[in-house]
> 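What follows is a single structure, and I will ask about it in a moment.
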Number of protein chains: 2
Amino acid sequence: MSDSCQNCAHFKDSEWAVLGGCNAKGLDCARRSRHFLPGEPVYHEGDEPSGIYCVSSGLIGIRKVDAEGDSMLLRLVRPGQTFGYRSALTGAPHGVSAEALKDVRVCHIPAATVRKALAEEPGLLMAFFRHLADDMAAAEVKVMETVSASCRVRFLRLLMALGGGEDAGLLELPVSRQDIASLIGVRSETMSRVIRGIEDEGLAHFSGRRVEIPDPHRLAEESAGALAA
Amino acid sequence: MSDSCQNCAHFKDSEWAVLGGCNAKGLDCARRSRHFLPGEPVYHEGDEPSGIYCVSSGLIGIRKVDAEGDSMLLRLVRPGQTFGYRSALTGAPHGVSAEALKDVRVCHIPAATVRKALAEEPGLLMAFFRHLADDMAAAEVKVMETVSASCRVRFLRLLMALGGGEDAGLLELPVSRQDIASLIGVRSETMSRVIRGIEDEGLAHFSGRRVEIPDPHRLAEESAGALAA
DNA sequence: GGCCCGTATTGATGCAGATCAATTTCAAGG
DNA sequence: CCTTGAAATTGATCTGCATCAATACGGGCC
């Protein structure tokens, strides 16, 4: 009872919030909570969609591999966010893969339930449309940054994004450095050098996955102006 | 009369096809055909959305500029395709700008009409969702390619994409070489050198915007395998 | 403690593509 | 025809990041 969608801490920020009480109940009945270990795949590129996933805890990575076999981490999915909805709604096979990056608990809402909810609450599709529009905007920014910004600047911007609204100059990298590197599209060796450079300048202090940022304002300046010395 | 949406050559392939006859009539009444000269902007990044655009003839370029001021051509919109629908549907300001790349004729469907059509035909939103999902998939591929493939390979792939279903080894570049360069994220000087290289190998022959491809099959092979000599 | 294995770091070197600077080509207009 | 300006090409050089190859670190486990 306490373990229901409406009691979920993230419910009100999710797409499901547009559902009225009784439809939300349908969600509860149909959903199944599943657990994944770090590295375990939730679905692969090319798989047929089976429904929509919702992260309750942990972290999901959305990954894509190209023809030559090397993969890239496209984005992260945090607790409270949905993923896999694109294919679930269009019916097309997944164009990307999803995998657990930590111990993860996700809820799976089967396609049939999704279809029913869509039919009964038209606002739901619009909620997912907005989500997709946001993802698309982020993808466009990513394309721009990848071609125009140096990997140093891209990493600084990632740090700011990870910092979120936190004013405290202390944050934790959610994933390994290899994955961070993959996220900004560079080799892990380069990642090391970039981190070392930032460390040497005193812009930030890294120990393991802990990052301390003495002067967030300075970091913001440097990540904005690509030309800053 | 003959100049109506239903008579439009592209109608059946567009999102509007899901509309029944009477709703399509509403489209006809409300839409306004507009003309743009090459280089003229349709809307800018940050503008408030005013409706959905539909290309009848010519070519539209979707562009984005970053903080440092340099811009990139993200994608092309061809006759029969819609653009600007993302902001029109979410209400958020445009995240990209749209400009005419040739003499262009577009139809503009005002936001109010769009809202009405959405309310009367639920399938319409799904049609746009599919469109956005396709754009998103393309953006993901673009990110991957930009980080992993050489500019030569990216250009060859663009050539294949522009060739479309054409088996004939003859195609026309839709835009200037600067814009082609901007489309794959390289400088125009590099573009020249890449084209020269391809020319020298006899993979394709360029004169102005005309491109002749003696052996499309060979081009396909080279664009697939990044490692091909 | 010592061993082992995966992650992270560091160094040396190479190359793709950017950058700067000159031409050359070409289309439009007088 | 000549002029003009934008687009395209070419050359010389520079640099950021990849690549290849070692080495160091760190944490689980015997």
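In what follows, chains carry the letters A, B, and so on, assigned in the order in which the sequence lines appear, proteins first and then strands, with residues in each chain numbered from 1. Computed from a predicted model, the values in this text were never measured in an experiment.
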> Inspect the contact between B:Asp179 and B:Arg63 and indicate whether a charged nitrogen and a carboxylate oxygen are less than 4.0 angstrom apart.
yes

> Find the distance B:Glu189:CD to D:dT13:P and express it as a whole number of Å.
17 Å

> Which whole-number value in Å describes the distance from A:Arg196 CZ to C:dG11 P?
7 Å

> Which pair of heavy atoms, one from B:Gln81 and one from B:Leu76, lies closest together, and at what distance?
OE1-O, 4.1 Å

> Is there a side-chain contact between B:Thr190 and the phosphate of C:dG17, meaning an N or O under 4.0 Å from OP1 or OP2?
no

> Charged N to carboxylate O under 4.0 angstrom, A:Lys102 versus A:Glu40?
no

> In whole Å, what is the span from the CZ atom of B:Arg152 to the C1' atom of C:dC15?
16 Å

> May I have the distance from B:Met191 (atom CE) to D:dT10 (atom P), rounded to whole angstrom?
13 Å

> A:Tyr53 and A:Tyr43: aromatic ring centres closer than 6.0 Å?
yes

> Taking the minimum atom-to-atom distance to the side chain of A:Val186, which one of D:dA18, C:dA8, D:dT10 wins?
D:dA18

> Look at the side-chain N and O atoms of B:Arg177 and state whether any lies under 4.0 Å from the OP1 or OP2 oxygen of D:dT9.
yes

> Output the rounded distance in Å from CZ (B:Phe155) to P (D:dA8).
12 Å

> Using whole Å, report how far CZ of A:Arg209 lies from P of C:dT9.
12 Å

> Can you identify which nucleotide, out of C:dG17, C:dT7, D:dA8, has its nearest atom closest to the B:Arg154 side chain?
C:dG17

> From C-beta outward on B:Ser150, which listed nucleotide comes closest to its side chain: C:dA8, D:dA8, C:dG17?
C:dG17

> Between C1' on D:dA21 and CZ on A:Arg187, what's the gap in Å once rounded to a whole number?
16 Å

> Atom CZ of A:Arg193 and atom P of D:dT19: how far apart are they, to the nearest Å?
12 Å

